[in-house]
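Everything quoted here is computed from the prediction, not taken from an experiment.
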Amino acid sequence: MDRIKNTIFKRLFKKELESYTESVQRQVDSIIRTNNANCRRKTALYDIMKRALDLDHQIILGYDQNKKGEEVFITCNKYLSDPDLYLYGNSYNKPGLYPRIMSELVTDYNSNPPTKSVHIDDIIAVKEDHGNGSILMPYFIECCKRIGATYITGDLVPKDRNDSDRLEHFYQKFGFDVVYNDIRSKGNIKLVLNNSVQKL
């Protein structure tokens, strides 16, 4: 009896049944595509983390997305012997070609007690207008606080003269004092650090 009912049902509602079956198949296909995309994304993130941690003494401080939507990891030396920071992402996968803040720790033994400061040697964005420097800088400031630095300094050099307005805005948004010479060809930056350390 059930077989007869099924046969009648399939004949009477053939179009509706086919339409419903196609709709369910589309939904299943969409779920499979979404899950595959998520798996590829997570595999890519794992590969980025592994690449970052393969370097000696690196730890991951944080994770963010730049303006282009790329997921990036912020790393530093686990001993904080220097406050250099690095940004790892999918498009930054060649040694030496990743955004970073290069700096040096300076200890003034002439003061009593000796004081520490950090001098920014260079900020390498690799790609402009991706927001990589803006991702790195808050972590950099916190790392400088953690190593006991009382201030951060840096030089604005003639090679960056065409970007002086952009650089001034960048540093000022993080609280740096920016001073240029009269023709804005060179200058310096300084940020006095307070002792409150934020959670990274």
Side-chain angles (χ1 to χ4, degrees), residues 1-80 83-102 122-143 145-146 163 165-167 169-175 196-200:
M1 187 68 146
D2 285 339
R3 217 164 111 197
I4 295 171
K5 285 182 187 177
N6 283 340
T7 304
I8 292 171
F9 180 80
K10 285 180 183 178
R11 287 190 181 164
L12 288 176
F13 300 104
K14 183 177 181 180
K15 286 185 181 181
E16 290 84 355
L17 189 58
E18 287 174 354
S19 176
Y20 176 75
T21 302
E22 288 172 9
S23 173
V24 169
Q25 187 61 50
R26 280 193 301 273
Q27 290 174 359
V28 168
D29 290 345
S30 175
I31 291 168
I32 290 170
R33 278 192 303 277
T34 300
N35 287 341
N36 286 341
N38 285 337
C39 285
R40 284 190 300 276
R41 182 181 148 272
K42 290 182 191 248
T43 298
L45 288 176
Y46 170 80
D47 290 343
I48 293 166
M49 285 191 303
K50 184 174 180 336
R51 191 174 69 236
L53 295 175
D54 278 346
L55 296 175
D56 286 342
H57 311 299
Q58 290 292 306
I59 59 170
I60 293 175
L61 296 176
Y63 162 83
D64 209 331
Q65 259 189 1
N66 65 19
K67 288 181 184 177
K68 301 299 179 183
E70 180 173 4
E71 295 166 302
V72 292
F73 291 93
I74 302 96
T75 71
C76 74
N77 180 301
K78 73 179 173 183
Y79 302 114
L80 285 179
D84 294 350
L85 294 186
Y86 306 90
L87 201 72
Y88 290 89
N90 242 5
S91 48
Y92 313 114
N93 54 16
K94 294 182 180 160
L97 294 178
Y98 36 78
R100 57 199 178 274
I101 297 179
M102 306 303 292
D122 204 356
I123 296 178
I124 300 160
V126 178
K127 296 179 180 177
E128 296 295 327
D129 298 323
H130 283 211
N132 294 326
S134 294
I135 291 171
L136 285 170
M137 188 56 78
Y139 287 94
F140 178 73
I141 292 169
E142 288 306 313
C143 284
K145 289 178 183 180
R146 286 176 186 270
D163 294 321
D165 291 339
R166 185 179 60 80
L167 289 171
H169 171 74
F170 172 77
Y171 286 113
Q172 285 178 341
K173 79 178 176 181
F174 293 105
S196 64
V197 177
Q198 302 291 320
K199 184 178 178 189
L200 292 176

Is there a donor-acceptor pair closer than 3.5 Å between any side-chain N or O of N66 and the backbone N or O of K68? yes
Check C143 against L85 and note the closest heavy-atom contact, atom names and distance. SG-CD2, 4.0 Å
Given Y86, Y139, Y63, Y88, the one that forms ring-ring contact (aromatic ring centres under 6.0 Å, His included) with F73: Y63
Between CG on residue L167 and CD on residue Q172, distance to nearest 0.5 Å: 11.0 Å
Just how far is it from atom SG of C76 to atom CD of E142, taken to the nearest 0.5 Å? 12.0 Å
For N90 versus E70, what's the shortest heavy-atom pair and its separation? N-OE2, 2.7 Å
Inter-residue atom distance E71.CD - Q65.CD, 0.5 Å rounding: 5.0 Å
With T75, which of I59, L61, I60 fulfils side chain to side chain contact (heavy atoms under 4.5 Å, CB included)? I60
Indicate yes or no: at least one non-hydrogen side-chain atom of P99 is less than 4.5 angstrom from one of I135. no
Between the CG atom in L87 and the CD1 atom in I124, the distance rounded to the nearest 0.5 Å is 12.5 Å
Where the side chain of S30 meets the backbone of R26, is there a donor-acceptor pair that is under 3.5 Å apart? no
Heavy-atom pair with the smallest gap, counting every atom of S134 and K173: OG-NZ, 2.8 Å
Gap separating the CD1 atom of I141 from the CG atom of L136, nearest 0.5 angstrom: 11.0 Å
Does a side-chain heavy-atom distance below 4.5 Å link N77 with D84? no
In Å and rounded to the nearest 0.5 Å, what is the CZ to CD1 distance from F170 to I123? 4.5 Å
